[in-house]
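Presented below is the structure to which this report refers.
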Amino acid sequence: MNRLSPEVIHSYAGQRRKMVEEQLTDRGIKDLHLLEVMSRVPRHLFTLDSFQHRSYGDTPLPIGENQTISQPYIVAAMTAALGLKGDERVLEIGTGSGYQTAVMAELSAQVFTIERINALSRKAQQILDGLDYANIVFKMFDGTYGWPDQAPFDAIMVTASAKEIPEALIKQLGEGGRLVAPAGDTDKQKLILLRKKGNQVSRQEICDCKFVPLIGKYGWPEE
Ligand code: SAM
């Protein structure tokens, strides 16, 4: 994608503000930096043209290849759970549209993001390059293996669901690291937050959720 014009980037400002107030602040998202970032990142650039007018609605939307961009509240809740302060190295499994990647790139030092569907990864890279993000590293692969060469990570986010969180990913968390991921059956999951301290990993359930399946060696088999 060529450089995007400021008009294109900044359009939908009113809808973005309303999304932040009604869907995030009013539902208890308190991290002011995260709220500021989500009032700025142009979500409408990450959705399909035919759904652009619904980009700031309270729902997930299709992004092609049978995949979805997550509902804004879920993006915010997952990001808030990681407690990013700005100096973290973050691993994301499931680049999808790249919207969540952009939000985390604003709040951390570097994001390593893996997507198994090449067309989605390429499109996300084009948009994020067009927005001048220079702290994102992309990989097209099965993310259930994680990214061992770049481990350990301060934070890991998994945006597709397996029955259980892959052990390979938990192993790649550094000391004090946080991992947020959905886990459960294909029709219904719990959003889980893991925290690593020494040899211990604590587990907390955040909320019910429904994600597309994590497909790969340590996830669901491809149909
Ligand atoms: N966070 C994304 C966004 O903002 O658009 C939404 C991600 S979507 C809910 C989940 C993504 O995970 C899909 O793009 C899917 O192809 C990807 N995925 C599923 N299994 C994967 C795997 N084993 N490795 C990498 N990506 C995977």
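Numbers here are sequence positions counted from 1. Just so you know, ligand 1 is whichever comes first in the structure, and atom 1 is the first atom listed for that ligand.
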### Message
Going by ring pair (Phe, Tyr, Trp, His ring centres under 6.0 Å), name the residues that satisfy it together with F141, two or more places apart in sequence or in a different chain.
### Response
Y145

### Query
Any ion pair linking D58 and R27 (charged N to carboxylate O, less than 4.0 Å)?
yes

### Message
Is a donor from one side chain sitting under 3.5 angstrom from an acceptor on the other, for E106 and Y133?
### Response
yes

### Task
Output every pair passing side-chain hydrogen bond (donor to acceptor under 3.5 Å, both in side chains) with a member in residues 78-92, not counting sequence neighbours, ordered by first then second residue.
T79-Q100, R89-Q150, E92-T101, E92-T113

#### Entry: side-chain hydrogen bond (donor to acceptor under 3.5 Å, both in side chains) partners for Q125, two or more places apart
S121

### Message
With a 6.0 Å cut-off (strictly less than), is the heavy-atom count around CG of D26, excluding the residue itself, greater than 12?
### Response
yes

Could you tell me, for ligand 1, which of its N or O atoms are under 3.5 Å from any protein N or O, listing the pairs and their distances rounded to 0.1 Å?
unit_1, atom_1, unit_2, atom_2, d
ligand 1, 4 (O), Q100, N, 3.1
ligand 1, 5 (O), S97, N, 3.0
ligand 1, 5 (O), S97, OG, 2.6
ligand 1, 14 (O), E115, OE1, 2.7
ligand 1, 14 (O), E115, OE2, 3.4
ligand 1, 16 (O), E115, OE2, 2.6
ligand 1, 20 (N), I215, N, 3.0
ligand 1, 23 (N), D142, OD1, 3.0
ligand 1, 23 (N), I215, O, 2.6
ligand 1, 24 (N), G143, N, 2.7
ligand 1, 26 (N), R116, N, 3.3

